[in-house]
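Report on the following structure.
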Amino acid sequence: MAGERSEEDVVSEYLDQNPQLAQWVETFRGYCETNKHWIARREFILRNMEAFPTVQQGVSCNSLDRLLSLSMVWANHVFLCCSYPPAVMAKVKEMGEGIVVKDAPAQRTTIDGVMAKGKRSATNEADAESRVKRAKCGPNELDSRPAGRAPSRPAAQKSGPPPHAPAEHQPFFNRLYKTVAWKLVSAGGFGPNLDHFEILRSCVESCKETLACVIVPLKDITGLPAGRTQRDGHVCEIRCQAVYMGTGYGRDETAAKAMASKEALKVFQGRKVTVKICRRRYEGKDVEDLMLLDEQPRTQGFPPALSYPFQNEQLDGGS
Amino acid sequence: MGVPAFFRWLSRKYPSIIVHCVEEKGKECNGVRIPVDTTRPNPNEVEFDNLYLDMNGIIHPCTHPEDKPAPKNEDEMMVAIFEYIDRLFNIVRPRRVLYMAIDGVAPRAKMNQQRSRRFRASKEGVEMVEEKNRIREEIVQRGGYVPPEEIKERFDSNCITPGTEFMDNLAKCLRYYIADRLSNDPGWKNITVFLSDASVPGEGEHKIMDFIRRQRAQPNHDPNTHHCLCGADADLIMLGLATHEPNFTIIREEFKPNKPRPCALCGQMGHEIKDCQGVAREKQGEHDEFADSMPASEQEFIFIRLCVLREYLARELTMASLPFPFDFERSVDDWVFMCFFVGNDFLPHLPSLEIREGAIDRLVNIYKDVVHKTSGYLTENGFVKLERVEMIMQAVGVAEDNIFKKRKEDDESFKRRMKEKRKRMKTEQQGPAFLTTGQFAPQALGRGYRPQAVQNARHQAYDMRMQSSEQHNRNAAQSLKAAMRNGGNSSAGPSNSTDSRGMKRKAEDSDSEPEPEDNVRLWEEGWKQRYYKTKFDVDVTDEEFRRKVVQSYVEGLCWVLRYYYQGCASWKWYFPFHYAPFASDFKDIKGMFSDFEKGTKPFKPLEQLMGVFPAASGNFLPETWRTLMTSPDSSIIDFYPDDFAIDLNGKKYAWQGVALLPFVDERRLRAALAEVYPNLMLEEVKRNSLGSDLLFLGKAHPLFDFIHELYRAESLEGTEIPAELCHGIQGTLNLDDDPILPDKTVMSPIPMLRDILQNMSIGVKFKDPQYADGFEFKATLLTGAKIPNKVLKPEDWEKRGERGSWRPQLGFNPNRQQAHLDQSGFRALRYNSVTSHFSIIHGLNRNQHSRGQYSNTPPPSTYQQGNYHPQHSRSHQPFHRKTQTHTHTHTFYFYSTGLQGAILLEHV
C-alpha cells in the first residue's frame with residue numbers, strides 16, 4: 001500500500017515541478033470527470049507521453065489525440081466497464097500497467113447478463129477471486145493441459161461430460177466427504193490457519209486418488225480489467241477425477257494452490273456434496289463441466305474454467 | 001419523450017381527450033380498387049386545415065413492422081410508406097397544408113440518446129441471434145422441431161438515420177409520391193405540400209414546431225387554423241400545448257400494450273422464445289386457412305384533442321386568490337415544464353419522480369402551493385425562472401425520503417400480491433382427478449336438460465375406464481420424456497441431481513425470481529451517499545462535483561424548455577452525465593445559468609453518423625471513416641466500445657436501464673474527421689451537405705402560376721410568398737436545382753410504379769420566415785383566436801339548474817345525431833318477441849318485456865368464451881362443448897342484429 005501511495009505522490013510532485021506541463025495537462029480533463037478518475041487518467045497520460053514523441057507541450061496534434069483516445073479507452077474500461085476490440089484492449093493494458101486504481105466500481109450487470117433473462121445477479125466482490133471470475137474470454141495459455149486444439153474444437157454441445165458422469169463420480173465424493181470431515185475434526189475444524197492444500201491432498205490420497213492442479217500466471221489471462229492487473233500472481237484450479245473443485249488466486253503458485261484448496265474445502269462445509277453438470281465459461285465459450293457443489297443455491301456464476309478435460313469424449317470421458 | 005407511461009397516464013386521467021377516428025375504407029369492385037374521394041366532408045365531422053407528419057413514426061413501422069411480415073425489399077418499404085400516408089390523408093383530409101418532416105441531424109443533447117439506442121440495437125441483435133441458436137440447439141436435441149432459419153437480408157433499422165443512402169433514397173421516393181398525388185388525386189388539388197427531408201437539420205417534430213411557430217409570429221397567420229399532427233411520441237402533446245394554438249389535434253395509432261408477438265424462433269403465437277418447445281404448428285382453422293393471419297387486426301387511429309386537454313388543465317390548474325392575476329396560458333407552460341422533470345429525451349429523470357407513482361400530480365400540488373408564495377410563474381416564453389424552480393425542487397426534496405420508502409413498500413406488496421395470485425391460479429386450474437363422462441357426465445341443474453334413460457351402461461363404463469387409463473399412460477409418457485430430456489441421470493447420487501439446465505429452468509419458473517441486486521437501496525438510511533458513490537464514483541462530501549451535476553441539470557432544464565418554445569438554443573449543449581441528481585440537491589441554483597453559446601452549428605449528416613453508430617453499423621460509412629471506429633491507431637477509438645455495461649438502475653429490464661457509454665468529444669471527432677474528409681466520393685459529399693425544405697403545389701393552386709413564373713424568369717434571389725395566395729402562409733422561395741416542373745416527366749424511383757408522364761405539379765425550395773437574433777416567440781393566444789366549444793360537463797351543471805341531463809360529447813361534433821330506432825323498428829322487435837325472448841340493451845328497459853326463463857341473462861359483454869366457462873379437465877369435454885356451442889348462438893345473434901341497436905336474442 002505504501003508503494004501505491006507514493007506512486008500518486010510522485011505524480012503530483014512531478015507536476016509541482018513542472019507547473020506549465022501541469023497546466024497543459026489539466027486542459028485534457030473532461031468536464032464530467034471526477035477527481036479520482038482524472039487523477040488515474042492523468043497518470044496514464046503522463047506515463048505514456050514519451051511513447052508519442054511527436055507530442056509537444058501546448059500543441060494539439062493527431063498523435064496527442066491518439067494518446068488521449070487511448071487514455072479514454074483505458075478509463076472507460078476501468079470505470080465504465082466498456083470493452084473494445086482485442087487489439088485495442090491489449091495495447092491499453094500494456095500502457096496502463098502499474099497504475100493502481102483503488103476500489104474501481106464494482107462491475108455492473110453487463111448487457112449479456114441481463115439481456116437474455118434479466119435475472120442473473122452481478123458479482124461485486126472486489127477481492128482477488130473476482131478477478132479470476134472476470135477473466136472471461138481470450139485464449140488462456142495453459143501450461144499443464146494441452147489447449148492447442150481449442151480453436152478447432154467442435155461446438156460446445158458436442159464435447160462435454162457424458163450425462164451419466166455425475167452418477168459415476170458421486171460415490172467417490174461421498175467417501176471423500178466423510179474423510180474430509182474427519183480430517184477437519186482432527187485438525188480442529190475448518191479455519192484460516194490450516195494448510196488447506198495439505199489437508200485436501202492427504203484426504204484425496206487416502207481415498208486413492210490424486211489432485212490435479214492447473215496453475216496459470218495471472219498475466220497470461222486476457223480480458224482482465226486493466227486497472228486491477230498486477231503483474232505477479234497466479235491462478236490455480238483444482239480438479240479431482242476431472243471434477244472441478246475450486247479456483248484460487250495467490251502471489252505465487254503455492255499461495256494460489258492454497259487458496260484454491262481453501263475454496264474446495266469450503267464446499268465440504270455443507271451437509272453433503274454433489275457432482276453436477278453445470279454451464280460455465282471456458283476460453284470465452286459456454287461449456288458444460290463437472291462441478292462439485294454444496295447444496296446451497298449459488299447466486300453468482302462460476303469462475304471461468306482454466307482447463308477443460310472434456311474436449312473430446314472418446315479420449316478422457318469418464319476416467 | 002419516449003415514455004409510453006406518460007401517454008397511458010394522461011389518457012387515463014383525462015379520458016375525454018381521446019376520440020376514435022372514423023375511417024372510410026376504399027371499396028373494391030370487380031377487382032378494381034376505388035379510391036376514397038377525400039374532397040368530400042370529413043367523416044369525423046370536423047375539418048382540418050393542416051396535417052403534419054412526423055415521418056419517423058411512419059418509416060419505422062413500415063420498414064420493420066412488429067405485427068405483420070416485413071417488406072421484402074426497399075421498394076416494398078417505400079410503397080408501404082406511401083400507403084400509410086394515403087391512409088392518414090384519407091382520415092384527416094387536410095384542406096390547406098400537408099407537412100412531412102423526416103428527422104435530420106439532431107442537436108447534440110439528443111445525439112446521446114440516439115447513440116445509446118443504436119448501440120443497444122446492434123448489441124441486442126447479436127445477442128438475439130446467439131440466444132436463438134442456443135435454444136434451437138437445445139430443442140433439436142430434445143427431438144423438437146423448429147422450422148429452418150429463413151435466409152433473408154436483415155434490415156438494419158440503424159439505417160434510418162440522416163446521411164445514409166436509404167434516407168437519401170426515401171427523399172427521392174417521397175418527391176415522386178408527392179408529384180404523383182398532386183397530379184392525380186383530386187383531394188390533393190388545393191394542398192400546399194412541404195417536405196423537410198433528412199438533409200435539413202433538426203428532429204422531425206421540432207422542424208414542424210418551428211414551422212408553426214414562425215408562421216404564427218407573422219401577421220398574416222390565420223389564428224384559427226386547425227392543426228393535426230401525426231406521431232406517437234408523448235412529447236407531441238407537450239409541443240402542441242406549447243404552441244398555444246386553440247385548435248390542435250394529434251393523431252396516432254391506438255395504443256395497444258402487450259400486443260402478442262410471434263415467437264422469434266418458430267414463428268408461432270402464444271409463447272416467447274425462451275419458452276419455445278419446438279412442437280409442431282397447430283392447424284389454424286379447419287383447413288389451415290388462417291395460417292398466416294395474425295389475430296391482431298389493422299391498427300386503428302385515435303385523435304387526441306388538445307383543446308379538451310386544455311379544458312381539463314384549466315380545471316386542475318386554476319387557482320383562486322393569487323397575489324397576481326391568474327393567466328391560464330402561463331400555467332399551461334408551467335405544467336409542460338414540470339412534465340420534463342418526469343421524463344424527456346434529453347435528460348435522465350429525477351430518481352424520486354416516477355410517472356407511475358403519480359409524480360405529475362404531486363408536482364401540480366406542490367406547484368399550486370408554491371405559486372402562492374412566489375410572485376409569479378415558473379416560466380415565460382420558454383425561459384425559466386430558476387429561483388421559483390428551486391422552491392418546487394426543495395418541496396419535492398423534502399418528500400424524497402418518503403417517496404423512496406413508499407416505492408419499496410409498494411414494490412414489495414405488489415410482489416406479494418402477484419405471488420398469491422399465481423398460487424390461486426394454480427389451485428383453480430386443477431380440476432377433480434376423475435370425472436364421469438358421456439351419459440354420466442355431471443349436468444348443471446335447472447338448465448332444462450331432461451334426464452334420459454341410461455343406455456348401454458356397461459359400454460360407457462368401459463369407455464370411461466379406458467379413457468382414464470389412457471390419460472395415465474399419456475402422463476407417464478410425458479414424465480418419461482421429461483426424464484430423458486434431463487439427461488436420464490435421475491439415479492445419480494443421493495441428491496436431486498438433475499442437471500443444471502433443468503434446475504435453472506425450474507428456478508426461473510418458480511415464484512421468487514431472483515432479482516438483480518440493487519446496491520443503492522434508496523429506501524435505506526444513507527441512500528444519498530450510496531447513490532453518489534455507486535453511480536458517479538464520488539463521495540457525498542465532494543460538494544464541488546455534486547454542484548457540477550446539478551448545474552448541468554439546471555442548464556438542461558433551461559435548454560429543453562427553450563427547445564420547445566423558441567427552437568434549438570445550442571446545437572452543442574448536452575447533459576454530460578449518465579444519472580440525474582436528487583431534487584434536494586437543487587440549492588442556490590439561481591445563478592447557475594445565464595445563456596447558451598451563440599452561433600453553434602449542427603453536425604453534418606455523416607459526422608452525426610460517426611457520433612451515433614457503433615462500429616458494427618459502420619457499413620453505412622465510407623471505408624476510411626469506418627477504420628476510425630476499429631483501428632487501435634484511431635484518435636477516436638474510445639467512442640466505439642464493442643461491449644458496454646447496462647445499469648438497471650432499479651429497473652427490471654435491460655431496455656429500461658442506463659447504457660454506460662462514453663460520451664463523444666466533439667473536438668476530437670471533428671479533428672479526426674478533417675483528415676478523412678478528402679476521401680469522400682462526390683455522391684457522399686452530396687449526402688453530407690445540408691439541404692433545404694421543399695414546397696410542392698398542384699396546378700389548381702393559386703400560387704402555382706406565381707412559382708412557374710419564377711422558373712421562367714430564372715430569378716436567382718429568394719422571393720417572398722404573397723400571403724394572399726396561400727392562406728396567409730409566409731416564407732421565402734428559391735429555385736430548386738433539379739426541380740419538379742409541370743409537363744416534365746417525373747421518373748419513378750421504384751420499378752413497380754409508373755413514371756408520371758403528365759405531371760401537373762411544381763416544386764420549389766422553401767425557407768421559413770426569418771426573425772432577428774434575439775427575437776422571442778410569444779407563448780400566448782393570438783388575437784382573434786376563437787376557443788372551441790367546451791366538451792366537458794360543467795362542474796356546476798346541477799347547480800345551474802339546466803334542464804335535462806348532461807349529454808356527453810363523443811366526437812368532434814357537439815350536435816351529433818344519435819342513432820335511434822324508428823317505429824317500424826320497434827314493431828319488428830315486438831314481432832320477434834312472440835317467438836323468442838329478447839332484451840334490448842341500450843335505450844330500452846329490457847325488463848319491461850315478457851319475462852321468461854332467461855330474462856336474467858347477463859348482458860352480452862360477459863358472454864366471452866372461455867371466461868364464462870372456466871376450462872375444466874379433459875374428461876369434462878362433452879358437457880363443456882355443448883355449452884360452448886350454446887354461447888356461440890348467443891354471440892352470433894347478438895352481432896347479426898347489432899345494426900338495429902344492440903339486441904340480444906335468446907333461443908330456447
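Reminder, nothing fancy here: chain letters follow the sequence lines and each chain counts from 1.
- Of all the listed residues (B:Glu675, B:His578, B:Arg668), the one sharing the greatest number of non-hydrogen pairs under 4.5 Å with chain A is B:Arg668.
- Under the 4.5 Å side-chain criterion, counting only non-hydrogen atoms from C-beta, A:Trp74 is not in contact with B:Asp638.
- At least one side-chain heavy atom of A:Ser83 sits under 4.5 Å from a side-chain heavy atom of B:Asp642.
- A donor-acceptor pair under 3.5 Å is formed between the side chain of A:Ser69 and the backbone N or O of B:Ile637.
- Judged as a ring-ring contact (aromatic ring centres under 6.0 Å, His included), and not counting sequence neighbours, the contacts of B:Phe575 are B:Tyr553, B:Phe577.
- The salt bridge (charged side-chain N to carboxylate O under 4.0 Å, His left out) check on B:Lys548 picks up nothing, with sequence neighbours excluded.
- Rounding to the nearest 0.5 Å gives a distance of 12.5 Å between SG of A:Cys81 and CZ of B:Phe644.
- For the atom pair CG (A:Leu68) and OG (B:Ser635), the distance works out to 9.5 Å, reported to the nearest 0.5 Å.
- Looking only at atom types and distance, the side chain of A:Thr34 has no donor-acceptor partner in the side chain of B:Asp542 under 3.5 Å away.
- Contact record, B:Tyr640 with A:Pro85: O-CD, 4.5 Å, taken as the closest heavy-atom pair.
- Separating the CZ atom in B:Phe545 from the NZ atom in A:Lys36 is a distance of 11.5 Å, to the nearest 0.5 Å.
- Across all their heavy atoms, A:Asp65 and B:Arg667 have their closest contact at OD1-NH2, 2.8 Å.
- Looking at B:Glu130, neither its backbone nor its side chain comes within 4.5 Å of chain A, counting heavy atoms on both sides.
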